[in-house]
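All values below come from the heavy atoms of this structure, side chains included, with hydrogens, waters and symmetry mates left out. Below, read A as the first sequence line, B as the second, and so on, with proteins coming before strands; counting in each chain starts at 1.
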There are 2 protein chains.
Amino acid sequence: MDQVDYKILSLLHENSRIPMAELGRIIGMTQPAVKERVRKLEEQGVITGYHAAISLPKLGKNTTAFVMFRTKKCAAFIEFCRQSPEVTDMYRISGEYNYMLKIVTETTEELVAFSERCGEFGYSYTLIMLTAPFEHKMTIEPPIAETAEPWSN
Amino acid sequence: MDQVDYKILSLLHENSRIPMAELGRIIGMTQPAVKERVRKLEEQGVITGYHAAISLPKLGKNTTAFVMFRTKKCAAFIEFCRQSPEVTDMYRISGEYNYMLKIVTETTEELVAFSERCGEFGYSYTLIMLTAPFEHKMTIEPPIAETAEPWSN
DNA sequence: GTTGAAAAAACAGAGGA
DNA sequence: TCCTCTGTTTTTTCAAC
């Protein structure tokens, strides 16, 4: 993993459908060389997939909420959430509430309905998302830049 | 937006680097027809981008946390977060705490450092993410399936 | 939406620093 | 080991229908 790999990751994170040849043009390499690096990054599990981002409002999904949940039936609750299409993200967290869920629905009615279906697993509170100033903002750069060695300070 | 469009969205969400021709093979259409549908979905803003998913642990980012924040300096705080590489997601939420941040760092020390830099904007509490059973699980399907009309119940 | 030809990109192998 | 070069295959693009 050198500077070039980080640059590739950054560019693919920005646009995963960019042709390998153009990637090569940007970083100053031929297409097969870039492709080989990408192949290795995939093999090593650094790149885990390529996904299209889809506008939720355009799909009629106008309600996003976060549910903080306290349960003792962890395995069953995880399975329940996995099979609920409303739940897009599930995190185990520290604190009294041991799970946080991100819920995406068309209306607030659906959110309430989901919340009620959760009742049997424990207790919770819900935070409605009002706006998202930004999401998935990843800054991909080498841990220690070669242009700023520690001993140069 | 018909059934075919939803199928295209679903497949591109799964793998955004799939060739248009293979997409066509799956849904029973020629490559130019699929491409034209994808172009329209992009134009309409239904597809907002194509992104490579990158393993955070492989980049040495081993700490993820959620910070619930209360501030009165909203504009300044948004700008501060936007420019902080640790902050990957920022949500305005209902409740006493008006923002929730997702923070990704290499170590917990960096998380603490970030938290202290936030001090001037308001008060907060932090939840450490322990595990993520799943993330970005989007179920893309038409609002009303043609095979299950309301009047058939 | 389909067909078909031209352009571009991806792929696979040989060879060089 | 990592890259370039080159020929072949696949995909994309862009007409006309």
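Within the structure, side-chain hydrogen bond (donor to acceptor under 3.5 Å, both in side chains) pairs that include any residue of residues 85-104 of chain A comprise A/E86-A/R117, A/D89-A/Y91, A/Y91-B/K102, A/Y91-B/E135, A/R92-A/Y99, A/E96-A/Y123, A/K102-A/E135, A/K102-B/Y91 (at least two apart or interchain).
In this structure, A/F69 has its ring center closer than 6.0 angstrom to the ring center of A/F77.
For DNA chain D, no neighbouring residue in residues 36-53 of chain B is found when judged by any heavy atom under 4.0 Å.
In terms of heavy atoms, A/M90 sits closest to B/P133 at O-CD, 3.0 Å. Scanning both residues, B/S10 and B/I140, for their nearest heavy atoms gives CA-CD1, 3.9 Å. Across all their heavy atoms, B/T63 and B/T108 have their closest contact at OG1-N, 3.5 Å.
Comparing the start and finish of the helix from C/dG1-D/dC17 to C/dA17-D/dT1, five pairs each, the helix axis swings through 40°, to the nearest 10 degrees.
The distance between atom CD1 of A/I27 and atom P of D/dC2, rounded to the nearest whole Å, is 14 Å. Distance NZ (B/K35) to P (C/dG4): 22 Å, rounded to an integer number of Å. If you take CZ of A/R17 and P of D/dT11, they are 12 Å apart, rounded to a whole angstrom. In this structure, B/M29 atom CE and C/dT3 atom P are separated by 13 Å, rounded to whole Å.
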Distances for protein N or O near nucleotides 5-9 of chain C N or O, under 3.5 Å:
none

Test side-chain contact (heavy atoms from CB on, under 4.5 Å) on A/L23 and A/I26; report intermediate values, then the result. CA-CA 5 Å; A/L23 223 83; A/I26 296 167; 5.6 Å; no
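A/M1 and B/V104 fall within the same hydrophobic cluster, defined by Ile, Leu, Val, Met, Phe, Trp and Tyr side-chain heavy atoms under 4.5 Å apart, directly or through other members. Hydrophobic clustering (side-chain heavy atoms under 4.5 Å, transitive across Ile, Leu, Val, Met, Phe, Trp, Tyr) groups A/M20 together with A/L41.
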Pairs under 3.5 angstrom only: tabulate donor-acceptor contacts from the side chains of residues 50-62 of chain B to other protein residues two or more places apart or in another chain.
from: B/Y50; atom 1: OH; to: B/E42; atom 2: OE2; distance (Å): 2.5
from: B/H51; atom 1: ND1; to: A/H13; atom 2: O; distance (Å): 2.8
from: B/S55; atom 1: OG; to: B/K58; atom 2: N; distance (Å): 3.3
from: B/K58; atom 1: NZ; to: A/Q44; atom 2: O; distance (Å): 3.0
from: B/N62; atom 1: ND2; to: B/G60; atom 2: O; distance (Å): 3.4

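Looking at residues two or more places apart in sequence or on another chain, you find a side chain to side chain donor-acceptor pair (under 3.5 Å) between A/E43 and A/R39.
Side chain of A/A33, nearest nucleotide from C/dG4, D/dT12, D/dT4: D/dT4.
Taking the side chain as every heavy atom from C-beta outward, B/F66 and B/L101 never approach each other to under 4.5 Å.
Note on A/T30: every side-chain N or O is 4.0 Å or more away from OP1 and OP2 of D/dC3.
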